[in-house]
Amino acid sequence: MNEKAIVARLAQLAEIGKHAGGIDRALATPQERRARELFAKWARDGGYALTQDAAGNLFARRAGARTDAAPILVGSHLDTVPTGGAYDGAYGVAGAMCALELLDRRGITLQHPAEAVAWAGEEGSRFPLGCLGSSAFTGLWRLEDVLALSASDGVMLRDALNSAAGGLLPDVPARDAQRTAAYLELHVEQGPVLERGGVPLGVVTAIAGQRRYSITIEGESGHAGTVPMQLRNDPLGAAAEVVLAIESSARDAGETVATIGRFTVEPGGTNVIPARVIFSLDVRSPLDDRVSMVEEAAHRALETAQRQRRVQGSMECLEARPPAPMDERMRAAVHRAITGMNERAIDIPSGAGHDAMCLARIAPAAMIFVPSIGGRSHVGAERTADADLERGVEALAAAIIEVDAALGEN
Ligand code: GLV
Ligand code: MN
Ligand code: MN
């Protein structure tokens, strides 16, 4: 591997699932599988032992001196949102592979095995929930429940992972269950803080808690020309009020964000009064009680709409993840690694969710951020400068060495 390998690898990945608005690589689609195939090729070329598990997570293992030691896992995800960029997730996976190769090139022997990991389905784009692979791996969710999830196109994850088009890779052995010694994740910041501060690296303090909901409002459908306004039970008008109430409660809560990113109006005719509106809600905050405040505001707004507009509303919480603080000792190890490179880093919270949220529940975990140009992410225009990408890989390799030492005999 040369210093530019990370840039070249991200360019290779960026071709997979590319469309006019960005990159679309949803879990267990042919595109996402091609990205996993590429990861498998890198692993084989690098001489790393490749394994996969039933959730679709892929692991490339670099041996350590101690054969009995639990591995340090280093990963992120290869799936994207429907109009994703080239770096969110892909950087942490390709970066992990590059970091392992860097350790090889420098002839470094670690005590622990180190595994580059591509976690399955972090975004929750095709299947309704995020961090599917890492939730199953860590036992936060039962594998059977994860595999029973249905995609927006009606396909069950179990079937999608069994299909030739988007399924598990053939000829890759199953990974044995084993303890995780520690977890590291490299990621683009996806916000503007590092760039604005002119700082090349960030060490994540904690990942914001997040909850995802599905909200449904049912009214009475009818003819757009004949039903007088005062006789309508229009669920879309009610939804508009609920959406605005959610927006203002998140603003008032402070340090809290709420997003309605999916919105369906049924039956969807220009000249038909809607019968039903279904929309998603994503609420996040480093403070879990603020998320609860927005949830309560949404419930109150739904009750008001029901009373005033003669509609029926319901709200289902699909996914709830508490804030995830990163491990103090791991953060200190990452800072030592960066200082050892004569680079600067600041502590930074993460508003975005990451697989590290799940791994932090079973092992000491830390994350490294590099700047995102213009702070943009989840858009095709997501960018990070080549020099920042390369520096991040160097920091990750140095952090793996520090963590290996800090773990001692564990
Ligand atoms: C993943 O990118 C998320 O934060 O939703
Ligand atoms: Mn990500
Ligand atoms: Mn993302």
Side-chain angles (χ1 to χ4, degrees), residues 10 13-14 17 21-27 31-32 35 39 57 74-96 116-135 183-191 193-194 202 204 206-214 250 256-262 280-286 291 317-324 326 348-360 365-372 375-384 389 392 396:
L10 289 171
L13 278 170
I23 297 168
D24 189 358
R25 273 197 313 260
L27 175 61
Q31 294 73 26
E32 188 263 352
F39 176 89
N57 300 313
V74 189
S76 198
H77 57 99
L78 291 171
D79 68 318
T80 68
V81 293
T83 54
Y87 306 95
D88 176 3
Y91 177 48
V93 176
V117 190
W119 299 114
E122 189 269 353
E123 296 287 8
S125 297
R126 180 179 178 206
F127 294 86
L129 310 177
C131 293
L132 293 184
S134 52
S135 294
Y183 180 67
L184 284 166
E185 183 163 350
L186 176 65
H187 209 283
V188 289
E189 182 202 332
Q190 309 181 271
V193 175
L194 294 178
V204 173
I207 302 172
Q210 58 173 272
R211 294 183 213 167
R212 292 186 186 194
Y213 308 84
S214 176
T256 305
V257 288
T259 306
I260 286 116
R262 269 192 198 142
S280 63
L281 170 62
D282 174 313
V283 188
R284 306 182 190 205
S285 174
V291 178
C317 182
L318 303 174
E319 180 174 354
R321 299 192 187 271
M326 297 291 98
I348 182 170
S350 175
H354 300 286
D355 294 299
M357 289 185 294
C358 300
L359 273 294
M367 287 193 76
I368 301 171
F369 276 177
V370 298
S372 293
R376 301 199 66 204
S377 189
H378 282 188
V379 292
E382 177 185 73
R383 298 278 178 275
T384 290
L389 295 171
L396 182 61

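Note that the coordinates shown come from a computational prediction; the quantities given were computed from them, not determined experimentally. Counting starts at 1 for both ligands and their atoms, following the listed order.
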Problem set entry | Criterion ring-ring contact (aromatic ring centres under 6.0 Å, His included) on H354 and F369, from CA distance to verdict | CA-CA 12 Å; H354 300 286; F369 276 177; 5.7 Å; yes

Problem set entry | Audit row: E123, D88, side chain to side chain contact (heavy atoms under 4.5 Å, CB included) steps and yes/no | CA-CA 10 Å; E123 296 287 8; D88 176 3; 2.8 Å; yes

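With a cut-off of 2.8 Å, the Mn ion (ligand 3) has an N, O or S atom of H378 in range. When distances to the Mn ion (ligand 2) are checked against a cut-off of 2.8 Å, H77 contributes an N, O or S atom below that limit.
Here the heavy atom of the protein found nearest to atom 1 (C) of ligand 1 is E123 OE1, 3.2 Å.
A side-chain donor-acceptor contact under 3.5 Å links T384 to the backbone of P371. The main-chain N or O of L389 is found under 3.5 Å from a side-chain atom of Y91 such that the two form a donor-acceptor pair. No donor-acceptor pair under 3.5 Å is formed between the side chain of D282 and the backbone N or O of R212. Distance alone, capped at 3.5 Å, is enough to place a donor-acceptor pair between the R126 side chain and the L27 backbone. At distances below 3.5 Å, at least one donor-acceptor pair connects side-chain atoms of E185 with backbone N or O atoms of A356. In terms of modelled atom types and a separation under 3.5 Å, the side chain of S372 and the main chain of Q190 share a donor-acceptor contact.
Taking only nitrogen or oxygen atoms, main chain and side chain alike, D282 does not reach within less than 3.5 Å of ligand 1. Taking only nitrogen or oxygen atoms, main chain and side chain alike, R284 reaches within less than 3.5 Å of ligand 1.
Short contacts between ligand 1 and A352, defined as distances under 4.0 Å to a heavy atom of the residue, involve ligand atoms 4 (O). Each of the following atoms of ligand 1 lies closer than 4.0 Å to a heavy atom of R212: 5 (O). Interface of G353 with ligand 1, defined as ligand atoms under 4.0 Å from a residue heavy atom, comprises 1 (C), 3 (C), 4 (O).
Within the structure, the closest approach of H354 to ligand 1 does not fall below 4.0 Å when heavy atoms are considered.
When you scan the N, O or S atoms of H187 for the one nearest the Mn ion (ligand 2), you land on NE2.
Atoms OE2 of E123 and OD2 of D88, as seen from the Mn ion (ligand 3), are separated by an angle of 90°, to the nearest 10°.
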